Amino acid sequence: VSVAPAQTPQAWLTFEGNFNDQTTNGYNGTSYNVTRVSGEPLGRPGNVAYFNGGSSTYLSLPHIPLDSRTFGIGFFCKFYAPANYGLVMQRDSDNWNELLHLQTRNASHSLYFGFYGDTYSTHPITSTNWYHVYFQYTGSRQQIYVNGIFQGSKASSAYLGTVGNTDIGRTPAWGNVDCDNFRGYMDDFRVYYGVLSQDQIMDLANVKWTVTNIVVNQRPGTKLVDINYDIVTSSSNVVQLMLNVQCGGTNIAANNVDGDIGGSVSPGTGRSMVWDAGADWSGNAGDLEFIICHPTATQLVFTGSGYVDA
């Protein structure tokens with residue numbers, strides 16, 4: 001379980017030994033069929049919470065006051081399968097902006113940040129890998145971060161609920177919304193007052209750097225492919241990058257790559273690689289996936305796509 005950043009959590013459940021709040025605020029969890037299991041076989045240190053998806057399975061915390069204030073809720077989660085699940089719920093009433101619900105919803109199983117009035121949805125859940133998700137209200141906008149990276153935001157008035165337990169893994173169970181109680185694993189559940197910075201959220205997600213804004217273009221009249229990208233990091237340290245290229249899930253040996261690749265890539269914007277597709281994939285054409293990643297850290301995988309005619 002990662003170390004708390006400089007800003008102190010309002011509530012913090014590590015799931016080590018019990019479901020108690022690690023702060024002095026006393027937001028201890030009451031388990032309804034939620035168990036603790038070893039996280040080691042699942043890729044997490046220590047213990048994690050397991051939710052079996054049953055209609056009576058969730059973790060209930062006392063009411064945490066979130067009304068008319070800035071706040072954030074973050075945790076690691078591993079879905080049993082991409083599906084529509086309730087993640088966190090605090091129900092005052094079904095009146096405007098009085099029901100906080102964090103979910104995955106719709107056919108794409110996108111993360112959903114709702115006050116039962118103002119809502120925001122983005123970033124489909126597509127795998128059973130561990131995700132770190134952070135939902136933040138800034139006082140004027142609902143924001144969603146995934147694995148430390150800002151996904152987008154929407155203008156919103158404040159959440160207004162003043163009563164109701166803070167339930168983890170529970171859905172509001174509306175008849176017109178396809179959503180079940182959570183099935184999968186959670187770890188390192190935190191609630192913050194105030195607004196965390198990008199760097200602080202990256203620290204929570206245990207991500208020291210990430211790749212964003214991947215753009216792939218083949219140079220006209222050539223078999224050279226430009227891969228442009230940015231590196232966002234919470235430090236000035238150089239990072240180690242490699243490039244994998246795939247066509248329909250089949251790897252292409254990208255041996256002829258120059259530019260910002262290898263063991264000493266400096267963070268910042270405007271980074272680029274050039275792949276000689278004619279040398280590595282001559283006579284072929286198709287839609288390709290370009291995977292920029294760390295050689296060993298499986299959570300540091302970032303993908304762009306483009307059509308290449310070699």
Side-chain angles (χ1 to χ4, degrees), residues 43 78-79 81-82 104 106-111 121-133 144-152 198 202 205 207-234 236-310:
K78 178 179 173 65
F79 288 66
T104 48
N106 306 321
S108 60
H109 317 307
S110 295
L111 292 170
S121 182
T122 188
H123 196 87
I125 297 297
T126 59
S127 79
T128 57
N129 295 331
W130 281 101
Y131 292 87
H132 184 272
V133 296
I144 295 178
Y145 292 75
V146 177
N147 295 332
I149 299 306
F150 177 67
Q151 301 298 317
Q198 172 89 61
M202 288 179 70
V207 172
K208 300 307 179 187
W209 58 268
T210 191
V211 175
T212 63
N213 301 325
I214 301 173
V215 177
V216 178
N217 288 298
Q218 184 171 355
R219 296 183 190 177
T222 78
K223 297 182 180 181
L224 300 177
V225 180
D226 291 308
I227 304 116
N228 299 301
Y229 62 95
D230 301 330
I231 300 176
V232 179
T233 180
S234 56
S236 60
N237 296 334
V238 296
V239 301
Q240 185 176 4
L241 293 179
M242 63 181 291
L243 175 69
N244 292 327
V245 182
Q246 293 185 350
C247 180
T250 300
N251 287 326
I252 299 170
N255 298 316
N256 291 273
V257 183
D258 294 316
D260 296 317
I261 188 171
S264 301
V265 181
S266 299
T269 59
R271 300 297 175 258
S272 63
M273 306 177 190
V274 181
W275 175 46
D276 188 343
D280 294 333
W281 203 50
S282 181
N284 296 285
D287 293 311
L288 303 184
E289 295 290 321
F290 293 83
I291 304 166
I292 301 175
C293 57
H294 187 278
T296 59
T298 57
Q299 75 274 25
L300 299 175
V301 176
F302 314 96
T303 303
S305 61
Y307 182 83
V308 174
D309 184 353

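Predicted model only: the values in this text are computed from it and were never measured.
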task: With the side chain counted from C-beta on, respond yes when Asn244 and Cys293 share a heavy-atom pair under 4.5 Å apart, and no when they do not.
output: yes
- line: Distance col, row Gln246:CD vs Leu288:CG, nearest 0.5 angstrom, shows 10.0 Å
query: When rounded to the nearest 0.5 angstrom, what distance separates NE2 in His123 from CG in Leu111?
result: 6.5 Å
field: Nearest heavy-atom neighbours spanning Glu289 and Ser305
entry: OE2-CB, 3.7 Å
statement: Rounded to the nearest 0.5 angstrom, the CG-CD1 distance for Leu241 and Ile231 is 5.0 Å
- prompt: To the nearest 0.5 Å, how far apart are OG1 in Thr128 and NZ in Lys78?
  reply: 4.5 Å
query: Mind checking whether Tyr131 and Phe79 have parallel, tilted or perpendicular rings, split at 30° and 60°?
result: perpendicular
- request: Write down the atom of Pro124, the atom of Ser108, and the distance for their closest heavy-atom approach.
  value: CB-O, 3.2 Å
statement: The single option from Asp280, Ile227, Ile252, Ile291 that satisfies side chain to side chain contact (heavy atoms under 4.5 Å, CB included) with Val245 is Ile252
message: Which heavy atom of Trp281 sits nearest to which heavy atom of Cys247, and what is that distance?
response: CZ2-SG, 4.1 Å
message: Within the 4.5 Å heavy-atom criterion, are Ile261 and Leu243 side-chain neighbours or not?
response: yes
field: Sidechain-backbone polar pair: Lys223 side chain, Ala310 backbone, donor-acceptor under 3.5 Å
entry: yes
query: Heavy atoms, side chains only, cut-off 4.5 Å: are Tyr229 and Val265 in contact?
result: yes
field: Backbone N/O of Asp309 and side chain of Gln218: donor-acceptor pair under 3.5 Å
entry: yes
- prompt: If you round to the nearest 0.5 Å, how far is CG of Asp226 from OG of Ser272?
  reply: 7.0 Å
- prompt: Between Arg271 and Gly259, is there a donor-acceptor pair closer than 3.5 Å when you use the side chain of the first and the backbone of the second?
  reply: no
message: I need the Met273 CE to Phe290 CZ distance, nearest 0.5 Å.
response: 11.0 Å
field: 4.5 Å side-chain heavy-atom contact, Val216 and Val225
entry: yes
